[in-house]
Protein chains: 2
Amino acid sequence: MSQIEIRHLRTLVALRETGSLVEASERVFLTQSALSHQIKELEGRLGCSLFLRKTRPVRFTSAGNRLLELADEVLPRLHKAEHDLDRFAGGQTGRIIMAIECHSCFEWLLPAIDAYRNEWSDVELDISSGFHFAPFPALARGDLDLVITADPLDEPGITYFPIFSYEAQLAVAKNHPLVEKTWVEPKDLADEIVITYPVDRERLDLFSGFLEPAGVEPARVRHAELTTMIVQLVASGRGVTCLPNWALHEYLQNDYVVVRSLGEEGIWPTLYAAVRKDQGDAPFMEAFIEVAKQVCFDNLRGIVTAELG
Amino acid sequence: MSQIEIRHLRTLVALRETGSLVEASERVFLTQSALSHQIKELEGRLGCSLFLRKTRPVRFTSAGNRLLELADEVLPRLHKAEHDLDRFAGGQTGRIIMAIECHSCFEWLLPAIDAYRNEWSDVELDISSGFHFAPFPALARGDLDLVITADPLDEPGITYFPIFSYEAQLAVAKNHPLVEKTWVEPKDLADEIVITYPVDRERLDLFSGFLEPAGVEPARVRHAELTTMIVQLVASGRGVTCLPNWALHEYLQNDYVVVRSLGEEGIWPTLYAAVRKDQGDAPFMEAFIEVAKQVCFDNLRGIVTAELG
DNA sequence: AACTTTTTTTGAATTCTATTCATGTCGCAA
DNA sequence: TTGCGACATGAATAGAATTCAAAAAAAGTT
């Protein structure tokens, strides 16, 4: 089946460089007898001789030269591939295809990616838009490599690295009655219109961590795609919303809306990077998580709580 | 030492094309178990996994894709090389580096080479100018592949194929006394100046086949490089020369000189193509000799005698 | 030309490793 | 759960590459 093997190419190159079987054999760490057998057998299979041994240095036939040409094409590529694979094996490079559960995470993720790319330029980076609905199976089977999530479910084969904690706050219009309260109780929202991203309730801190435990259902739930749009609706008094404090920060500074904590302590979700266990300790992956934390800590200084890993 | 082998690349390609170990194993004519072991072992040595088996079709990791990239670079080149080597082995192609002992053979050799090149375009062809002095050792050790010679010495490992026979004739000036004779005897040249190519006497038919056997030495021997120059010297009465009849043909037609046979029968050397025994029956080599004979027969029609092989 | 040294070839023994065989495990669908 | 298909695994086997030992062939040397 396979006539020519890598070892044959190596042998021929060594032979070209040394000019004799004896020296070539040292070069490839075999006995000279082994080389003699090896080449004789190859010549037998190919049906033609590869070099003339009666000269010093040996002289290659056309067939031999053709094989050397092949070796010159193949061996460098092989070595490069082996080198690249070493880097994969050592975790010096890899692929990070990400998905975000948290809708507004682009805000800090994009800068994090930019910062990371400076240092780890050959890591394949991408944000996948395709797996919003079911990121974890995709992560497990290798379509994704990293998922930003606030719910570290105990899935087998997945590890979670905390990035930072933030407060999920209720935003209301400046003239909204709730502005009078220092913090909000669940029942305060029973008659409110709640504006959210168009995602499942269990992925919304307001419901999963506040209203549902208290058995409170708002008057109505309305959806909007973009953070800006949600905030605008809230500012104009069409409803209330719950967003991460860092996503609301710029609107607060512009005095568009007012925010209040959910409950006396506030709700403080933590964002995690979920990765497959086998990639969790790869340097390129650890570095990404470290960079993400650092970027968040720097950019969102005083707004979020760094989780020191 | 050598991590990756051709078989690994073949396996991975089969795996990519079929999507499962079971089918891939059929493709490469091994059991599924063999592939499982093979890949497991490779992954072990590389230190990273190459694909995730829990999906259908299997999904390659970055490392796996890198290896597939290598396979796509290497395997086609390998197949091409194997194909080329098959042609070498079958004698469908090869190399013919020639040397000529006979100084004026260019005249018919160049057209022969041109004719041959039409049919056998990928045979490497060259006329070597470097081995005029000792062509046979060079032929034996592979510097040359074909030598045109008039002396088929019985060297081991060399075979001779006759190309054609010609008459070696004496050319004299039109007013030379020897014009009166129908043929020349050795002693007729005892007082003559003989003009020859600057080569050893034993390679000159006039000496080795005519004068020396008769023990006759001419008055003087003078050298000239080019056929034209020799003929001019002869035409102007500065001496006589011995050349192949086909080399003299055009000068005869122009009435420059007169030719006479050496002895009653004339001297009829035969030109041979000397090649290494192992190449003697290769189609590309046989074809060259056949083309050479044909070209000579056509171009020198009526002047030389074809040797029918 | 005889002798020594070096290099390659060769056949048999050995060691290694790829492959197979026979199970075992895992995930998935009915 | 059972049954099915796909992959994994351990032990046995078969096959090849390599080594060893010795011989043959070249190449230098005297």
Side-chain angles (χ1 to χ4, degrees), chain A residues 1-12 14-46 49-61 64 134 136-138 140-142 155-158 277-278, chain B residues 1-12 14-46 49-61 64 137-138 140-142 155-157 278:
Chain A
M1 186 82 259
S2 83
Q3 300 262 309
I4 300 160
E5 288 295 331
I6 299 295
R7 107 186 79 93
H8 298 131
L9 301 184
R10 290 219 163 92
T11 299
L12 284 183
L15 196 53
R16 173 178 59 189
E17 281 166 8
T18 62
S20 83
L21 278 185
V22 181
E23 291 169 81
S25 66
E26 291 165 10
R27 189 75 89 89
V28 297
F29 304 108
L30 289 173
T31 58
Q32 148 277 339
S33 173
L35 286 206
S36 183
H37 281 294
Q38 184 185 99
I39 292 170
K40 182 189 161 93
E41 195 257 4
L42 179 63
E43 288 179 331
R45 279 199 308 221
L46 294 176
S49 67
L50 297 173
F51 60 95
L52 306 167
R53 298 109 211 264
K54 315 198 166 182
T55 69
R56 187 142 327 281
V58 297
R59 153 169 261 95
F60 292 94
T61 63
F136 284 95
R141 72 171 178 269
E155 306 238 3
I158 306 273
K277 276 226 169 62
D278 57 302
Chain B
M1 190 78 261
S2 81
Q3 301 261 310
I4 301 160
E5 288 295 329
I6 299 296
R7 105 187 82 94
H8 298 130
L9 302 184
R10 290 220 163 90
T11 299
L12 285 183
L15 196 54
R16 172 177 61 189
E17 282 167 8
T18 62
S20 83
L21 275 188
V22 179
E23 291 170 80
S25 66
E26 293 165 9
R27 189 75 90 86
V28 297
F29 305 108
L30 288 174
T31 59
Q32 159 274 330
S33 173
L35 286 206
S36 183
H37 282 296
Q38 182 185 101
I39 292 169
K40 182 189 160 91
E41 196 257 4
L42 178 63
E43 287 179 332
R45 278 200 307 222
L46 293 177
S49 68
L50 297 173
F51 61 96
L52 306 167
R53 300 111 211 266
K54 314 198 168 184
T55 68
R56 190 141 325 281
V58 296
R59 153 168 262 95
F60 292 94
T61 63
R141 74 172 178 267
E155 306 237 2
D278 57 303

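Quick caveat: nothing in here was measured; it's all calculated off a predicted structure. Excluded from the calculations below are hydrogen atoms, water molecules and symmetry mates; all remaining heavy atoms, backbone and side chain alike, are included. So you know, we letter chains A, B, ... as the sequences are listed, proteins then strands, and number each from 1.
Counting to the nearest Å, the C1' atom of dA26(D) and the CG atom of Leu21(A) are 13 Å from each other. Ile6(B) has its CD1 atom 17 Å from the C1' atom of dA16(D), to the nearest Å. Per the geometry, CD1 belonging to Ile39(B) stands 16 Å off P belonging to dA6(D), to the nearest Å. Between the P atom of dT8(C) and the CG atom of Leu15(A) lies a distance of 8 Å, rounded to the nearest Å. Rounded to an integer number of Å, the gap from Leu52(A) CG to dA25(D) P is 18 Å. dA16(D) atom P lies 17 Å from atom CD1 of Ile4(A), rounded to whole Å.
The salt bridge (charged side-chain N to carboxylate O under 4.0 Å, His left out) pairs that include a residue from residues 28-37 of chain B number zero, where partners must be two or more places apart or lie in different chains.
For Glu17(A), the salt bridge (charged side-chain N to carboxylate O under 4.0 Å, His left out) test picks out Arg27(A), with sequence neighbours left out. Glu26(A) is linked by a salt bridge (charged side-chain N to carboxylate O under 4.0 Å, His left out) to nothing, counting only residues two or more places apart in sequence or in another chain. With sequence neighbours left out, Pro57(B) forms a side-chain contact (heavy atoms from CB on, under 4.5 Å) with no residue at all. In this structure, the side-chain contact (heavy atoms from CB on, under 4.5 Å) partners of Thr55(B), at least two apart in sequence or on a different chain, are Arg141(A), Arg59(B).
The side chain of Ser36(B) lies closest to dA8(D), out of dT10(C), dA8(D), dC7(D).
At dA8(D), one or more side-chain N or O atoms of Arg53(B) fall inside 4.0 Å of OP1 or OP2 (strictly under the cut-off). For dA8(D), neither phosphate oxygen OP1 nor OP2 lies less than 4.0 angstrom from any side-chain nitrogen or oxygen of Lys40(B).
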Nucleotides 13-30 of chain C: protein proximity per nucleotide (B base, S sugar-phosphate only, - neither; heavy atom, under 4.0 Å): -----SBBB---------
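Of the inter-residue distances, the one linking Thr31(A) atom OG1 with Leu35(A) atom CG reads 7.0 Å to the nearest 0.5 angstrom.
If you check every strand for non-hydrogen atoms under 4.0 Å, Ser20(B) touches sugar and phosphate atoms only.
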